[in-house]
Amino acid sequence: LIAALYIGCNLTRVPAGYRGVIVNLYGSDKGVSEQSAGVGRYYMGWNREMFLFPTFLQNYSWTDAQAIAMQTSEGLSIRTSAGITYKISPDNVVKVFQKYRLGIEEITNTFLHNQVRDAMNEVASTMTVEAIYGAGKERFIAKVNEIVKKEAAENGIEVDKIYLVGSFELPPK
């Protein structure tokens, strides 16, 4: 009865749409397992720990305090709320965990946010405020998408798209 209770308490479940990364805590094989765990129940025991990653599309928006500020070619500072849609393919879950050692929320709000901000600043610095705000908005966001998709793919993250939420906050002048 005690053995059954111990085993039952040390089972970890990987739900549909997620992959698990198993970390061995002790022994000669300690560290991150080379393969991710699919849907099912796994016995973890006292030696292993499981981290879950979603493999379905994630959608996040950075608004208010997380809105992105950028400078145009004239040196004007503008802000915008932006969003991202992305996923981590099941084959890349271990690679992403080994790279960042963080959960999906932290990856999104730190690393992906920084990549989007840097790409927006890079593209905005080559355009005037009128071009970004007006007819060049499509070109602006297309170039940002291109940059972020390339950088994120190198780290195992598949970006579907970057998009603007609402309009730009322009300086009062």
Side-chain angles (χ1 to χ4, degrees), residues 9-26 29-71 77-124 137 140-169:
C9 290
N10 287 300
L11 287 177
T12 300
R13 183 174 153 263
V14 177
Y18 287 82
R19 295 294 286 198
V21 176
I22 298 172
V23 177
N24 295 309
L25 303 173
Y26 303 106
D29 64 340
K30 66 182 169 193
V32 178
S33 175
E34 292 298 317
Q35 295 208 351
S36 61
V39 174
R41 291 195 183 275
Y42 295 88
Y43 174 72
M44 291 292 105
W46 57 275
N47 185 37
R48 302 189 314 174
E49 195 171 345
M50 174 89 70
F51 294 89
L52 297 177
F53 280 86
T55 56
F56 50 89
L57 275 179
Q58 301 291 302
N59 187 37
Y60 288 91
S61 296
W62 298 298
T63 59
D64 301 325
Q66 290 184 316
I68 296 173
M70 64 197 102
Q71 281 194 325
S77 182
I78 59 175
R79 287 175 48 93
T80 189
S81 296
I84 187 169
T85 302
Y86 73 94
K87 72 176 185 170
I88 301 171
S89 75
D91 297 335
N92 288 334
V93 168
V94 173
K95 178 181 178 180
V96 170
F97 181 77
Q98 287 177 329
K99 170 84 176 175
Y100 297 109
R101 301 280 184 184
L102 295 170
I104 201 73
E105 294 283 332
E106 294 89 359
I107 291 170
T108 303
N109 290 319
T110 304
F111 296 101
L112 287 176
H113 182 266
N114 290 346
Q115 283 182 350
V116 172
R117 183 201 61 220
D118 292 347
M120 285 187 168
N121 271 299
E122 181 181 330
V123 176
K137 188 187 300 188
F140 169 76
I141 200 66
K143 187 68 176 162
V144 169
N145 267 288
E146 180 184 318
I147 293 168
V148 173
K149 283 180 181 183
K150 182 181 175 201
E151 287 179 8
E154 292 171 2
N155 296 318
I157 299 171
E158 298 173 22
V159 173
D160 186 46
K161 70 176 183 174
I162 308 294
Y163 55 91
L164 300 174
V165 179
S167 60
F168 288 99
E169 296 174 23

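Worth knowing before you read on, the calculation uses all heavy atoms, side chains too, and leaves out hydrogens, waters and symmetry mates.
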| query | Are any non-hydrogen side-chain atoms of Thr80 and Met70 less than 4.5 angstrom apart? | reply | yes

| query | So, does Asn145 use its side chain to make a donor-acceptor pair with the main chain of Ile141 at under 3.5 Å? | reply | yes

| field | Evaluation steps, side chain to side chain contact (heavy atoms under 4.5 Å, CB included), between Phe53 and Lys87 | value | CA-CA 10 Å; Phe53 280 86; Lys87 72 176 185 170; over 6 Å; no

| Residues which pass side chain to side chain donor-acceptor pair (under 3.5 Å) with Thr85, listed by chain and number, not counting sequence neighbours | Asn59

| message | Show the nearest heavy-atom pair for residues Glu154 and Lys95, with the distance to one decimal. | response | O-NZ, 3.3 Å

For residues 13-23, run the donor-acceptor check on the side chains, cut-off 3.5 Å, and write out each pair with its distance to 0.1 Å, sequence neighbours left out.
unit_1	atom_1	unit_2	atom_2	d
Arg19	NE	Ser36	OG	3.1
Arg19	NH2	Ser36	OG	2.9

| Cation-pi, Phe140 ring and Lys137 (6.0 angstrom, 45 degrees) | no

| task | Determine the minimum heavy-atom distance between Ala152 and Leu112, stating which atoms define it. | result | CB-CD2, 4.5 Å

| request: Could you tell me whether the side chain of Trp62 reaches within less than 4.5 Å of the side chain of Asn109, counting heavy atoms only? | output: yes

| Out of curiosity, Ile147 CD1 to Met120 CE, how far, rounded to the nearest 0.5 Å? | 10.5 Å

| Nearest heavy atoms of Arg117 and Ala69, plus distance in Å | CG-O, 4.3 Å

| note | Correct closest heavy-atom pair for Ser61 and Val165 would be OG-CG2, 4.0 Å

| request: Answer yes or no: is there a side-chain heavy-atom contact under 4.5 Å between Thr110 and Ile107? | output: no

| query | Any donor-acceptor pair under 3.5 Å linking the side chain of His113 with the backbone of Gln66? | reply | yes

| remark: So CD of Gln58 and OG1 of Thr108: to nearest 0.5 Å the spacing works out to 6.5 Å

| task | Taking all non-hydrogen atoms of both residues into account, name the closest pair between Ala67 and Arg79 and its distance. | result | CB-NH2, 3.1 Å

| With side chains defined as the heavy atoms from C-beta onward, is the minimum distance between Tyr86 and Leu57 less than 4.5 Å? | no

| Quick one: does Gln115's side chain get under 4.5 Å of Val144's, heavy atoms only? | no

| field | Backbone of Gln71 reached by a side-chain donor or acceptor of Asn121 within 3.5 Å | value | yes

| query | Would you say Asn47's side chain and Tyr26's backbone share a donor-acceptor pair under 3.5 angstrom? | reply | yes

| task | Would you name the heavy atoms of Tyr163 and Ile84 that are closest together and state the gap between them? | result | CE2-N, 3.5 Å

Give every donor-acceptor pair under 3.5 Å between a side-chain atom in residues 98-106 and any protein atom, sequence neighbours left out.
unit_1	atom_1	unit_2	atom_2	d
Tyr100	OH	Asn155	ND2	3.3
Glu105	OE2	Tyr60	OH	3.0
Glu106	OE1	Gly103	N	3.1

